[in-house]
Amino acid sequence: MDRSDVTLERMRSFVRVAERGSLSAVAREFGAGQSTITRHLRELEDALGVALISRTTRRLALTAEGLAYYESSLRILHLVEQAGAEARDRRHAPSGTVRLSCTAALGVLHVGAIVFAFQDRYPDISVDLSLTDERVDLVREGMDLAIRLGPLADSALRLRAVGRSERRLVAAPAYLAARGRPLTPEDLAGHEGIRMTNVAGSGTLVLEGPDGGRHAVPFGGRLRVDHGLAARAAVLAERGIAPAHRWLVADCLADGRLEAVLPDYAVPSVPLSLLIVPERAAIARVRLLADHLAAGLRAVPGIAPEPATRAALAQR
């Protein structure tokens with residue numbers, strides 16, 4: 001076997017195994033048998049004359065040669081895909097698949113409709129929408145971009161700020177009628193609070209007052225959930241008071257199923273961002289979806305512009 005046997009198919013199999021650390025996971029992703037992926041790796045290593053992956057009974061790990069080859073392979077595969085996409089775009093409408101990760105509640109309530117509108121406009125582009133509240137590794141999971149709520153750690157991914165997600169305290173009218181309406185932040189101590197298990201420090205609620213002051217008050221209750229839609233259902237079921245993103249409950253506030261609690265006080269907003277895998281950012285279909293998502297998300301109730309963006313708009 002010579003170097004002409006270094007095919008793109010074998011290189012893709014190697015790159016995904018290096019990223020996912022699992023032959024079976026890559027086989028499922030490619031719709032192939034695990035034996036096929038194993039053969040691709042063996043043939044690639046034979047063609048190169050070096051071991052790329054060390055195998056034990058419990059894990060796969062890149063050798064030093066494998067790590068260097070992985071980094072080079074990423075650049076090559078990116079150039080190949082970009083060249084193909086550019087050639088197709090010159091002759092045809094954009095096509096192919098974009099893989100998008102999004103927090104679950106936002107995806108169900110709003111992002112799905114944004115994606116539907118995108119596909120109506122670009123019918124040849126497929127979208128794989130993965131809904132999860134876990135911070136997945138985009139490269140390892142083969143994603144192109146992600147919608148993220150909250151502060152982000154430093155990352156090699158490309159960050160695109162969309163805006164800030166505004167939050168409010170809400171409760172069902174029947175709950176407030178039975179338990180009384182809080183008049184000050186300190187009154188919350190006598191109420192049932194619905195908290196998120198995946199939000200650090202949820203036992204203390206920080207509120208911003210009408211004068212700009214911040215109030216940190218204890219916030220407890222008998223129910224904790226790990227999903228935004230579960231929190232919404234609990235508030236509607238009159239289980240207590242919850243801090244909620246406006247986009248999560250805007251329809252319930254509009255039709256009276258929920259009411260704002262302490263309306264002069266706001267829960268601090270959180271950033272809403274798009275994360276894009278740098279190697280995928282120049283691909284037309286990824287860029288088009290990122291632009292469409294940014295515009296669509298800014299039209300969602302409760303998504304406010306970043307302060308700098310708001311100031312720039314005011315000067316126009």
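Predicted model, so just to flag it, every value in this text is computed and none were measured.
- At least one side-chain heavy atom of Leu106 sits less than 4.5 Å from a side-chain heavy atom of Leu272.
- Salt-bridge formation is detected for the pair Glu29/Arg20: a Lys NZ or Arg NE/NH1/NH2 atom is positioned less than 4.0 Å from an Asp or Glu carboxylate oxygen.
- In terms of heavy atoms, Val267 sits closest to Pro243 at CG2-CB, 4.0 Å.
- Among residues at least two apart or in separate chains, salt bridge (Lys or Arg N to Asp or Glu O under 4.0 Å) pairs with a member in residues 237-250 are Glu166-Arg246.
- Partners of Tyr70 under the ring-ring contact (aromatic ring centres under 6.0 Å, His included) rule, at least two apart in sequence or in another chain, do not exist in this structure.
- Under the 4.5 Å side-chain contact rule for hydrophobic residues, Tyr265 and Leu253 do not share a cluster.
- Within the 4.5 Å cutoff, no side-chain heavy atoms of Leu157 are placed close to those of Ile276.
- A salt bridge does not link Arg12 with Glu9: none of the charged nitrogens is closer than 4.0 Å to a carboxylate oxygen.
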query: Yes or no on salt bridge (charged side-chain N to carboxylate O under 4.0 Å, His left out) for Arg42 and Glu45, after CA distance, side-chain angles and deciding distance?
result: CA-CA 5 Å; Arg42 184 182 66 252; Glu45 289 178 324; over 6 Å; no

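- By the 4.0 Å N-to-carboxylate-O rule, Asp291 lies close enough to Arg160 to be salt-bridged with it.
- The stretch residues 272-282 participates, sequence neighbours left out, in these salt bridge (Lys or Arg N to Asp or Glu O under 4.0 Å) pairs: Glu81-Arg280, Asp144-Arg280.
- Between the Gln119 side chain and the Ile125 main chain, a donor and an acceptor come within less than 3.5 Å of each other.
- Here Ser101 contributes atom OG and Met143 contributes atom CE; the two are 5.5 Å apart, rounded to the nearest 0.5 Å.
- At least one donor-acceptor pair closer than 3.5 Å links the side chain of Thr63 to the backbone N or O of Ala51.
- Remark: Thr103 engages Asp133 in a side-chain hydrogen bond (donor to acceptor under 3.5 Å, both in side chains) (not counting sequence neighbours).
- Between Arg39 and Glu43 there is a salt bridge, with a side-chain nitrogen of the basic residue lying less than 4.0 Å from a carboxylate oxygen of the acidic one.
- Using a 4.5 Å cut-off on side-chain heavy atoms (C-beta onward), Leu207 and Leu188 make contact.
- Between the CG atom of Leu52 and the CG atom of Leu44 there is a distance of 5.5 Å, given to the nearest 0.5 Å.
- Summarising the geometry, atom CZ belonging to Arg287 is positioned 12.0 Å from atom CG belonging to Leu289; distances are rounded to the nearest 0.5 Å.
- Residues Val261 and Val206 fall into different hydrophobic clusters, defined by Ile, Leu, Val, Met, Phe, Trp and Tyr side chains chained together at heavy-atom separations under 4.5 Å.
- Put simply, the side chain of Arg179 gets close to the backbone of Gly190: a donor and an acceptor are under 3.5 Å apart.
- Among residues two or more places apart in sequence or in another chain, the ring-ring contact (aromatic ring centres under 6.0 Å, His included) test is passed with His292 by Phe118.
- Side-chain atoms of Val217 and Thr204, non-hydrogen and from C-beta on, never get closer than 4.5 Å to each other.
- In this view, Phe219 satisfies the ring-ring contact (aromatic ring centres under 6.0 Å, His included) rule with no residue, not counting sequence neighbours.
- Between Tyr69 and Phe14, the ring planes lie tilted relative to each other; the angle falls in the 30° to 60° range.
- Legend: residues meeting side-chain hydrogen bond (donor to acceptor under 3.5 Å, both in side chains) with Asp226, ordered by chain and number and at least two apart, are absent.
- Counting heavy atoms from C-beta on, the side chains of Leu169 and Pro182 never come closer than 4.5 Å.
- Scanning all heavy atoms of the two residues, the minimum distance from Ile37 to Ser13 falls at CD1-OG, 3.9 Å.
- For the pair Ser165/Ile303, a side-chain contact is recorded, criterion being any heavy-atom separation below 4.5 Å from C-beta on.
- At least one side-chain heavy atom of Leu248 sits under 4.5 Å from a side-chain heavy atom of Leu229.
- Rounding to the nearest 0.5 angstrom, the gap separating the CZ atom in Arg222 from the CD1 atom in Ile194 is 10.5 Å.
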- request: Evaluate side chain to side chain contact (heavy atoms under 4.5 Å, CB included) for Arg298 paired with Val162, printing each intermediate quantity in order.
  value: CA-CA 7 Å; Arg298 289 179 181 126; Val162 174; 3.9 Å; yes

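- Taken together through direct or relayed side-chain contacts under 4.5 Å among Ile, Leu, Val, Met, Phe, Trp and Tyr, Val249 and Leu176 form parts of separate hydrophobic clusters.
- Note that CG of Leu145 is 5.0 Å distant from CG of Leu100, once rounded to the nearest 0.5 Å.
- Phe116 belongs to no multi-residue hydrophobic cluster, having no ILVMFWY side-chain contact under 4.5 Å with any other such residue.
- Take His191 and apply the ring-ring contact (aromatic ring centres under 6.0 Å, His included) test, not counting sequence neighbours, and it matches Tyr175.
- Sorted by first and then second residue, the pairs that involve residues 199-209 and meet salt bridge (Lys or Arg N to Asp or Glu O under 4.0 Å), not counting sequence neighbours, are Glu208-Arg214.
- Leu205 and Val270 sit in two unconnected hydrophobic clusters of ILVMFWY residues. Membership requires side-chain heavy atoms under 4.5 Å apart, directly or through other members.
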task: Could you please spell out the steps behind the side chain to side chain contact (heavy atoms under 4.5 Å, CB included) verdict for Ile241 and Glu192?
output: CA-CA 6 Å; Ile241 297 173; Glu192 287 285 337; over 6 Å; no

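- Sequence neighbours left out, the pairs with a member in residues 247-264 that pass salt bridge (Lys or Arg N to Asp or Glu O under 4.0 Å) are Arg181-Glu259, Arg232-Asp251, Asp251-Arg257, Asp255-Arg257.
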message: For a side chain to side chain contact (heavy atoms under 4.5 Å, CB included) check, start with the C-alpha distance between Leu129 and Cys102, then their side-chain angles and the critical distance, and finish with the verdict.
response: CA-CA 7 Å; Leu129 176 58; Cys102 178; 4.2 Å; yes

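- Across all their heavy atoms, Val170 and Val235 have their closest contact at O-CG1, 3.9 Å.
- Transitive grouping of hydrophobic side chains (ILVMFWY, heavy atoms separated by less than 4.5 Å) keeps Leu262 and Leu258 in distinct clusters.
- Nearest heavy-atom pair across Pro151 and Pro271 is N-CG, 3.8 Å.
- For Thr36, there are no side-chain hydrogen bond (donor to acceptor under 3.5 Å, both in side chains) partners two or more places apart in sequence or in a different chain.
- With rounding to the nearest 0.5 Å, the separation of CZ in Arg16 from OG in Ser73 is 13.0 Å.
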query: Under the side chain to side chain contact (heavy atoms under 4.5 Å, CB included) criterion, do Leu275 and Arg135 qualify, and how do the steps go?
result: CA-CA 11 Å; Leu275 285 180; Arg135 295 296 179 96; over 6 Å; no

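- The minimum heavy-atom distance linking Ile114 with Gly296 is given by the pair CD1-C, 3.5 Å.
- Closest approach of Leu138 and Arg148 over heavy atoms only: CD2-NH2, 3.7 Å.
- In this structure, the side chains of His110 and Leu297 stay at 4.5 Å or more apart for every pair of heavy atoms.
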